[in-house]
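Keep in mind that this is a model prediction, so the values were computed, not measured. Numbers here are sequence positions counted from 1.
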Amino acid sequence: MVQNVILIILIVALIACAVSLYIVSCQLVKVRKNDRMKRAFLNNVGREIRTPLKSVVELSNVISKDDLYLSKNEKRDITDQLQYNANLIGTFINEVLVFTEADTEGHQLQEELFSPNGLCVRCLEANMHSIFHRQAVKLNFKRELSDEFFVKSDRHIVEVILNKLILNSCRFTEEGSITLGCNTSERDGQIVFFVEDTGGGIPENRKNNLYTWFDDPDDMADEAELDLSICQRLAQEIGGALELDELYAKGTRMLLILPLK
């Protein structure tokens, strides 16, 4: 009975992913400059989404076996894996959807007052399942601002960017910690959200291409950081910027810098 329920959930998830990817593809086709650019861009989208989809398919094959018996720990592990891969897919789709809306002037900025601390906690809670396979990794919140401190910006775009940065750290950190926080002390007149981890860091030969936007499909290499390019554009859309902290030596530290309003 439990296996049947899980299988139904998997099928629904796959259908939802397929429909979402189709919608994203249709939107991207409208905003790219030429056919070669469309193909190159969509190939990168496919690369980002292929891995979690493959995992979902493999899980569906496992639980579809008639003679399958699952212990409580195994059921919990499958549930965690499903939620992790659903989070991967959902975060990327949110990125691309918001980006395409902004790129075609379909997204109207929705500035609102919100608590940076509250948003950070929300993002960490949303990504707890992203470290289910990393028991040696802890998600932490570094509190530097008062809970009564508020900023004005497009909260949804900020949340999309932070979720992607956390998710990237979860993917590349094997042990230690991933810390999210925010402060107003690093940059005058600005608020800095940071995601720092104890992973292996970004290779030197990839640092120059972290935020490159590809106006020529020949420049769109397989190793391109498409998601960070999108996040950088989203940050710019709300008057901010995405930066790599070059002085951080314990792993990777990414900064989302926004003007204080």
Side-chain angles (χ1 to χ4, degrees), residues 20-21 23-33 37-38 40-42 44-45 47-49 87-116 118-120 122-124 126-127 130 151-171 180-182 186-187 190-196 202 206-215 219-220 224-245 252-261:
S20 298
L21 187 55
I23 294 172
V24 171
S25 299
C26 290
Q27 289 184 318
L28 288 172
V29 166
K30 295 178 182 178
V31 299
R32 296 302 103 203
K33 293 182 178 179
M37 191 64 191
K38 295 170 192 172
F41 194 89
L42 290 173
N44 276 265
V45 172
R47 180 172 58 83
E48 289 289 336
I49 208 168
N87 198 27
L88 278 175
I89 295 167
T91 298
F92 184 70
I93 288 174
N94 281 339
E95 269 184 273
V96 179
L97 285 174
V98 173
F99 164 70
T100 52
E101 288 175 355
D103 208 39
T104 58
E105 298 183 354
H107 177 81
Q108 301 298 319
L109 293 182
Q110 301 289 331
E111 290 195 339
E112 60 181 286
L113 285 173
F114 64 90
S115 164
L119 183 61
C120 286
R122 175 188 171 96
C123 290
L124 287 175
N127 285 279
S130 298
V151 296
K152 189 175 184 180
S153 187
D154 189 311
R155 182 195 54 78
H156 178 58
I157 289 183
V158 176
E159 186 171 0
V160 167
I161 296 172
L162 292 181
N163 278 333
K164 171 52 65 177
L165 297 181
I166 296 170
L167 198 52
N168 275 355
S169 286
C170 290
R171 291 168 69 181
L180 171 63
C182 52
E186 286 189 59
R187 304 291 176 92
Q190 297 174 307
I191 181 169
V192 176
F193 292 89
F194 60 86
V195 178
E196 57 187 39
I202 298 174
R206 297 187 69 166
K207 289 181 179 180
N208 291 334
N209 294 325
L210 283 184
Y211 324 111
T212 301
W213 192 250
F214 303 91
D215 294 320
D219 294 336
M220 190 175 280
E225 301 290 349
L226 176 64
D227 48 1
L228 290 183
S229 299
I230 293 175
C231 285
Q232 176 69 298
R233 282 228 167 171
L234 292 178
Q236 292 171 347
E237 184 73 14
I238 55 177
L242 200 63
E243 290 185 9
L244 172 67
D245 187 344
T252 301
R253 188 173 190 259
M254 296 298 301
L255 310 176
L256 171 59
I257 305 166
L258 300 174
L260 282 173
K261 298 181 180 180

Participant: With Arg187, which residues qualify under side chain to side chain contact (heavy atoms under 4.5 Å, CB included), at least two apart?
Facilitator: Gln190, Val192, Glu243, Leu255, Ile257
Participant: Go through the steps to decide whether Val158 and Leu234 satisfy the test side-chain contact (heavy atoms from CB on, under 4.5 Å), and finish with yes or no.
Facilitator: CA-CA 8 Å; Val158 176; Leu234 292 178; over 6 Å; no
Participant: Would you please name every residue forming a salt bridge (Lys or Arg N to Asp or Glu O under 4.0 Å) with Glu196, sequence neighbours left out?
Facilitator: Arg253
Participant: How would you list, by chain and number, every residue that makes a salt bridge (Lys or Arg N to Asp or Glu O under 4.0 Å) with Lys152, sequence neighbours excluded?
Facilitator: none
Participant: Search all heavy atoms of Asp154 against all heavy atoms of Gln110 and return the closest pair with its distance.
Facilitator: OD2-N, 3.0 Å
Participant: Closest approach of Ile238 and Pro259, non-hydrogen atoms and distance?
Facilitator: O-CD, 4.3 Å
Participant: For a 4.5 angstrom cut-off between non-hydrogen side-chain atoms, does Arg233 reach Glu237?
Facilitator: no
Participant: Closest approach of Gly240 and Leu258, non-hydrogen atoms and distance?
Facilitator: CA-CD2, 3.8 Å
Participant: Just so I know, are the side chains of Arg122 and Glu159 near enough to count as touching, which here means a heavy-atom distance under 4.5 Å?
Facilitator: yes
Participant: Once you round to the nearest 0.5 Å, how far does CG of Leu113 lie from CZ of Arg155?
Facilitator: 12.0 Å
Participant: Decide side-chain contact (heavy atoms from CB on, under 4.5 Å) for Ile166 and Leu180; before the verdict, give the C-alpha distance in whole Å, the side-chain angles of both, and the deciding distance to 0.1 Å.
Facilitator: CA-CA 8 Å; Ile166 296 170; Leu180 171 63; 3.8 Å; yes
Participant: If every non-hydrogen atom of Ile202 is compared with every non-hydrogen atom of Thr252, which pair is closest and at what distance?
Facilitator: N-OG1, 3.6 Å
Participant: Are any non-hydrogen side-chain atoms of Leu256 and Ile191 less than 4.5 angstrom apart?
Facilitator: no
Participant: Closest approach of Cys120 and Phe193, non-hydrogen atoms and distance?
Facilitator: SG-CD2, 3.9 Å
Participant: Could you walk me through whether Asn168 and Arg171 pass the side-chain contact (heavy atoms from CB on, under 4.5 Å) test, one step at a time?
Facilitator: CA-CA 5 Å; Asn168 275 355; Arg171 291 168 69 181; 3.8 Å; yes
